[in-house]
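Here's the structure, in structure tokens; my notes come after.
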Amino acid sequence: MAKSKPRVKVPKSASAGEVITIKTLISHEMESGQRKDKEGKPIPRQIINKFTCEFNGQPVFSCDLDPAVSANPYFEFNAKVNESGTFKFTWVDDDGSVYETENEITVK
Amino acid sequence: AAFAVTGFRALPAMASAEDADKMVMDFTGGKAPESGKIMLNTPEIAENGNTVPVSVEVESAMEGDDLVDSVLILADGNPNPAVATFHFTAMSGSAAATTRIRLAKTQNVIAVAKMKDGSVYMDKKQVKVTIGGCGG
């Protein structure tokens, strides 16, 4: 499978205490384990099973995913920012791969 | 309507509403959820069951004791009702999240919120699905 590529949208700046909206998308087939190949054999499940978002090391939002989440899992959620810092986003694959990306935000 | 069920492929057993109820009870620790506080937003009709936008919002100050811990999303007509579980913290700012899900057929989507104080709230919406999202 092609390497999963995360894409994240975080505002570059915010005012202290502001609740911002974050959007994330990662390319991934999310093979559900329900499908069958041409010979009728079940295609084994391979999905991203966990997504987390941290800000300066503190948990902000996370999600446990089941196979019913669509391919290329998309999440939109909020975060309250009181100081400048770094958002860290992590996706965990069934095969043990971990995909990560980071975004800085300046709080005025 | 003459097509009936002949020629229906052997699909994996679809989940029943009872399976979904059991998952709700596992999530709430046996407590029957109340209505209110939680708002589930789904389209009334989904043309493509492979990617159905679902968003959920829970009324909460998201600080002190008025905090949403987690929200369970279920689809009671999928082969497995489990869809996703969102976990929030005080740093979430508000208990709201959006994702995209697969629906095999017309069915109910269920969202259950668990608050920090242990109270639980539920919302349910039926989504009519034109093309199922669990083919193969």
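No experiment lies behind these values; they were computed from the predicted model shown. A, B, ... follow the sequence lines: proteins, then strands. Residue 1 opens every chain.
- Ranking B:Thr89, B:Ile73, B:Val83 against chain A, the residue ahead of the rest is B:Val83, based on heavy-atom pairs under 4.5 Å.
- Using a 30° and 60° split on the angle between ring planes, B:Phe86 and A:Phe61 fall in the tilted class, from 30° to 60°.
- Hydrophobic cluster membership differs between B:Ile110 and B:Val129, with clusters built from Ile, Leu, Val, Met, Phe, Trp and Tyr side chains linked at under 4.5 angstrom.
- Of the possible donor and acceptor atoms, one in the side chain of B:Thr99 sits under 3.5 Å from a partner among the backbone N and O of A:Tyr74.
- Contact record, A:Ser70 with B:Arg102: OG-N, 3.8 Å, taken as the closest heavy-atom pair.
- Of the listed residues B:Ala95, B:Ser70, B:Ser94, the one with more heavy-atom pairs under 4.5 angstrom with chain A than any other is B:Ser94.
- In this structure, CG on A:Leu65 lies 11.5 Å from CD1 on B:Ile101, to the nearest 0.5 angstrom.
- Here the CE-CZ distance, from A:Met30 to B:Arg100, works out to 13.0 Å after rounding to the nearest 0.5 Å.
- For B:Glu57, no part sits under 4.5 Å from any heavy atom of chain A, backbone or side chain.
- Counting only distance, with no hydrogens or angles, the side chain of B:Ser92 and the backbone of A:Ala79 share no donor-acceptor pair below 3.5 Å.
- The CE atom of B:Met91 sits 7.0 Å away from atom CG of A:Asn56, with the distance rounded to the nearest 0.5 Å.
- Rounding to the nearest 0.5 Å places OG1 of A:Thr52 at 11.0 Å from NE2 of B:His87.
- Residue B:Val52 touches chain A through its backbone alone, counting heavy-atom pairs closer than 4.5 Å.
- Inter-residue side-chain proximity for B:Met62 and A:Lys80 is flagged as unmet; no heavy-atom pair is nearer than 4.5 Å.
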